[in-house]
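Please read the structure below before turning to the comments.
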2 protein chains.
Amino acid sequence: MEQLNSTSEEKILKAAKDVFMKYGLYGARMQDIADTAGINKALLHYYFRSKEKLFDKIFENALHKYFERINVFSDSSLPVIDQVFKYVENSIDFYAEYPKISMFIIKEIEINPELFHKKVQVIKKGKSIKMIEALEKAMAKGEIKKIDTAMFFINLQSLCSYPFIAKPIFKHSLKANDKDYDKDFSTGKLKRSVKNFVESSLSKK
Amino acid sequence: MEQLNSTSEEKILKAAKDVFMKYGLYGARMQDIADTAGINKALLHYYFRSKEKLFDKIFENALHKYFERINVFSDSSLPVIDQVFKYVENSIDFYAEYPKISMFIIKEIEINPELFHKKVQVIKKGKSIKMIEALEKAMAKGEIKKIDTAMFFINLQSLCSYPFIAKPIFKHSLKANDKDYDKDFSTGKLKRSVKNFVESSLSKK
DNA sequence: GTCTATACTCGGATAGAC
DNA sequence: GTCTATCCGAGTATAGAC
C-alpha cells in the first residue's frame, strides 16, 4: 500500500501506524512495517533508530488525536443538549475514520502504563473533561435532569466507540456479510440511536 | 502467581490465558508464560507441543465463554423487558469478571479472521441471537416500541462491555485514582444506567 | 537517502538427564 | 513429569557500498 506522492518518512509513519495498531509493540515486526511502506528495513533505522522510538512516535500521535477528540466541547450559546448532539456526531465521524485508535491506546496502556501516564500528562496538563463541566453547570441551572455526569460520559463513549471496535464480532454475530453490515450499520443510524439516548438521559420531560 | 493446588497443565492454561490476552499471539513470549506459571519452558512444549497449539486452546476457550454469554436468553414467561434487564445484569457481571475477553477476541480476529470463522462455525452452528428473536416477536405483538433490534443489540453490548475494556483510559480521563474509579464505577451504577437505556428504548410510554 | 549483506540477540523448539 | 542445556530460525540493528 505504498503511497506514491509522499516521502519515505511519511510512508514509514503510515505503515508503522497500521502495523503497530494491528499487532502492538511486541507483536509488530520491522520487516512487516518495511514491506507495508514499500521500502527497505534498514531505512526504518535510518529514520527512527529503533523499533521503540518509532513506536513511541506512533503512540504519541494516537494519544494526541484521541484526547483532542475526547475533550473538544465548544462553548457556544447553544443549549447543552444540542452541544452534546454535536459532540456525538463528531465522535462517530471520528471513530468511523479511526476505528482502532481507542483499542490501540487501551492495549498499550495495559502493557506500559508508565509511558502512558507520562505522555498523557504532557498532553492534558491536568485539564478535566469539558463536556462534563458543561453538563454540571447546566444541571446546576436546572436545564437538564439530575444525572451522574461521569457515568453519562462513560455511556456516551461506549455507544460511540464500541460499535467500531467490535465490528468484526458484530459482523459475524448478526450473520451479515461485509456489505450488509456496512449498509445496515450506517453511521447515520448509530447517530440517531445515540442521540435518542442523550435525549432520554438529559431532557427533563 | 503460581497456583499451588493445581496441576502443571492447569497452571499453564491459566498463565497462557493471562499472557496471550495481554500481548496477543505474536506479542506473547513462551518464557513469559512459563515464568507466570512458575514452571519451565520445556514443559509448555511437553503439554502443548507448540505456541500455536497452546494459543488455539486459549482462544477456543475464550470464544466458547463469550458466545455462551452473548447468546443466553431464557424463554421464561417474563415480559421481554424484564428478560432484557436480566440479560444486562448477567452481562455486566460477566464482563466485570472477564473484562478483557471481548478485546482479546476482537484483536485476534483482526489478525486471523479465518481461524475465527472456522471456530465460530463449530460453536454457533448458524444459530442467530436469541435476544433479537425474542424482541422481534414482542415487537410483532406490540409489546414494545418499534425499533431496529440489531442496533439496539449493538448499543446494549456497547454499554455493557466498553466500560470494562476502556477502564484504563476512563480511570485517567476522569482523573480518579484506582480506588476512586472502582468505587465510583460500581457495577451497580452501570446496571442502573443501562437499564434506563433499555427502559426508554423499549417501553411504549 | 537508499540499498545489500551481515552481525548479533531473542525466542521457539528439542534432546537428554533425572 | 520436570529440569538443564542447546540448537536454530526469526527479528532487530548496524556496516558499508552506491
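Convention: sequence-line order gives letters A, B, ...; per-chain numbering from 1. Since this is a predicted model, take the numbers as computed values, not measurements.
Between B/Lys86 and B/Asp82 no salt bridge is recorded (no basic side-chain N to carboxylate O distance below 4.0 Å).
The aromatic rings of A/His172 and B/His117 sit tilted, their planes meeting at an angle between 30° and 60°. Classification of the A/Phe94-A/Tyr98 ring pair by plane angle, with boundaries at 30° and 60°, yields tilted. A tilted orientation is assigned to the rings of B/Tyr66 and B/Tyr95, their planes being inclined by 30° to 60°.
Per the geometry, CE belonging to B/Met30 stands 16 Å off C1' belonging to D/dC7, to the nearest Å. Atoms CD (A/Gln31) and C1' (C/dC3) sit 13 Å apart, rounded to a whole Å. Rounded to an integer number of Å, the gap from NZ of A/Lys41 to C1' of D/dA15 is 14 Å. In this structure, the CD atom of A/Glu10 is 12 Å from the P atom of C/dT2, given to the nearest Å. Atom OH in A/Tyr26 sits roughly 14 Å away from atom P in C/dG12 (whole-Å rounding).
Of all heavy-atom pairs spanning B/Ile144 and B/Leu135, the tightest one is CD1-O, 3.7 Å.
Of the residues in residues 43-55 of chain B, those placing a heavy atom less than 4.0 Å from an atom of DNA chain D are B/Leu43, B/Tyr46, B/Tyr47, in numerical order.
For the 3.5 Å distance criterion, the side chains of A/Glu108 and A/Asn112 fail to qualify, holding no donor opposite an acceptor.
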